[in-house]
Amino acid sequence: MGMYFKIKKKLAQFQTDVEYSFDKGVLVIQGESGAGKTTVLNCISGLKTPDEGEIRIDDMVLFNEKTNIPVKNRRIGYLFQDYALFPNMTVEKNILYGIKNKPEYRDRAKRKELLDYAGYMMETFRISHLKKRYPANISGGEKQRVALARAIVTRPRLLLLDEPFSALDARTKETVYEEFFSFKASLGIPTILITHDPRESELFADDRIVMKDGKIM
Amino acid sequence: MFAPVILSIKVAAIATIFAFILGVFFAHLLTSRNIPGTSIWETILILPMVLPPSIVGYLLLKVFGKRGPIGAFLLDTFGIQVVFTWIACVIAACVVALPLMYQGAKAAFQSVDETYCLAARTLGSSEWKIFWTVKFPLARPGIISGIVLTFARAIGEFGATLMLAGNIEGKTQTIPTAIYYAVATGKEDEADVLVLIMTLFSFFMIFILNTWLKKKNYKVS
């Protein structure tokens, strides 16, 4: 049980070849830029297709030689390095975007439940007061909270965080570290966090792997 | 004297609608998928911008004329004659203006950061929904700019229109052909009025577009 991935993917510079499994908590993938960390996340999320391998969450196969579940059906939350908040939508619309794609959203009773949950998440992440603002008009730390809320409001099976702190300045980082530490305990979603910063790895890792040239060291 | 103005606006508006649909469709198709022969398709789409309008008009005449492949089909099947009708004005304006719409839409789509589309995919969105909720809205300022240039090119179209639709007063005479005819027949006062109308119209269109674009450009987070 838990999360298992075995990924082989040929890139221009090297071949990514990793295999690992973890049960719960936060798995940190640490490594320098260009080590193949984001490729691993992209393969797990379905944004890239591995050349071969297997990806499983519990007993559900996301990818193997016979199966390749499309990214939109994988139910994996992804926080991108620069957050990728839609600039043409308010914070609230960003948060509700994933919820509105859920089939349950068409059911009136379930829709209310989903919207209530989105409201609760906005409260939890202290972004309710920002809901009518556009991403260009909020701070770096706020963007990070919005992006994290957007990724987990759809109740994903797995959360992928691609260098979530790298776009923040040093002072904001310290505050966000504290916030993330408290969120981490309450999230309860298996998470893969990638970073090149050993300190972040120390702070958040329940389990850790180090990558170099596409391989686990 | 105002018949050419009304016809020009009607022709340019309809030609712009068709050019918009075709331009956005091909721009999105050729920028988002690996279509075989992309360079050839793109060259065909841009060719009317490079060729002299008289050549475009001549080629259209070959295709839409009574003995042309499409012209003969339309005449035999539906009894529709294209040449020397206002429909010919629309076809000529649309073909000549399409490259501007295509180029505008292509640049606009290419300027949209692909990460937004990836984020939308991870949030369970279909490709159709990504196009309408993320890609098109973010490309909108560039597309609107393309629409205005397309309309401007369509309303100013002369050479191809003259070849395919002729210069029939009250039927196929647009502002540019009316100005040419007025000057050729010594009616300078009429030409002056039409030139003034055309210049003012173009000025206000570009002015309104620029003002709107300044307000509307999304800041990327």
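Every chain is numbered from 1, with letters handed out A, B, ... down the list of sequences.
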Cut-off 4.5 Å, heavy atoms of chain B, and the answer for A:Lys102 is neither
- prompt: Does the ring center of B:Phe20 lie less than 6.0 Å from the ring center of B:Tyr102?
  reply: no
Item checked: Face-on cation placement of B:Lys10 at B:Trp86 ring, 6.0 Å and 45° thresholds -> yes
When the 4.5 angstrom heavy-atom criterion is applied to A:Tyr97 and chain B, the contacting part is both
- Query: So B:Phe73 and B:Phe64, ring pair (Phe, Tyr, Trp, His ring centres under 6.0 Å) or not? Walk me through it.
  - Reply: CA-CA 9 Å; B:Phe73 170 77; B:Phe64 289 98; over 10 Å; no
Counting heavy-atom pairs under 4.5 angstrom with chain A, the leader among B:Ser126, B:Ala120, B:Ser125 is B:Ser125
Specify whether B:Phe136 and B:Phe131 have parallel, tilted or perpendicular ring planes, treating 30° as the upper limit for parallel and 60° as the lower limit for perpendicular.
tilted
Applying a strict 4.5 Å limit to non-hydrogen atoms, the region of A:Leu47 in contact with chain B is side chain
Applying a strict 4.5 Å limit to non-hydrogen atoms, the region of A:Arg75 in contact with chain B is neither
For A:Phe125, does the six-membered ring have the charged nitrogen or CZ of A:Arg145 within the cation-pi criterion, i.e. under 6.0 angstrom from the centroid and within 45° of the normal? no
Per-residue tally against chain B (heavy atom, under 4.5 Å) across A:Arg150, A:Arg74, A:Gln81 peaks at A:Arg150
Comparing A:Val71, A:Ile138, A:Asn42 against chain B, the one with the most heavy-atom pairs below 4.5 Å turns out to be A:Val71
| message | Before we go on, tell me: are the rings of A:Tyr4 and A:Phe22 under 6.0 Å apart, centre to centre? | response | no
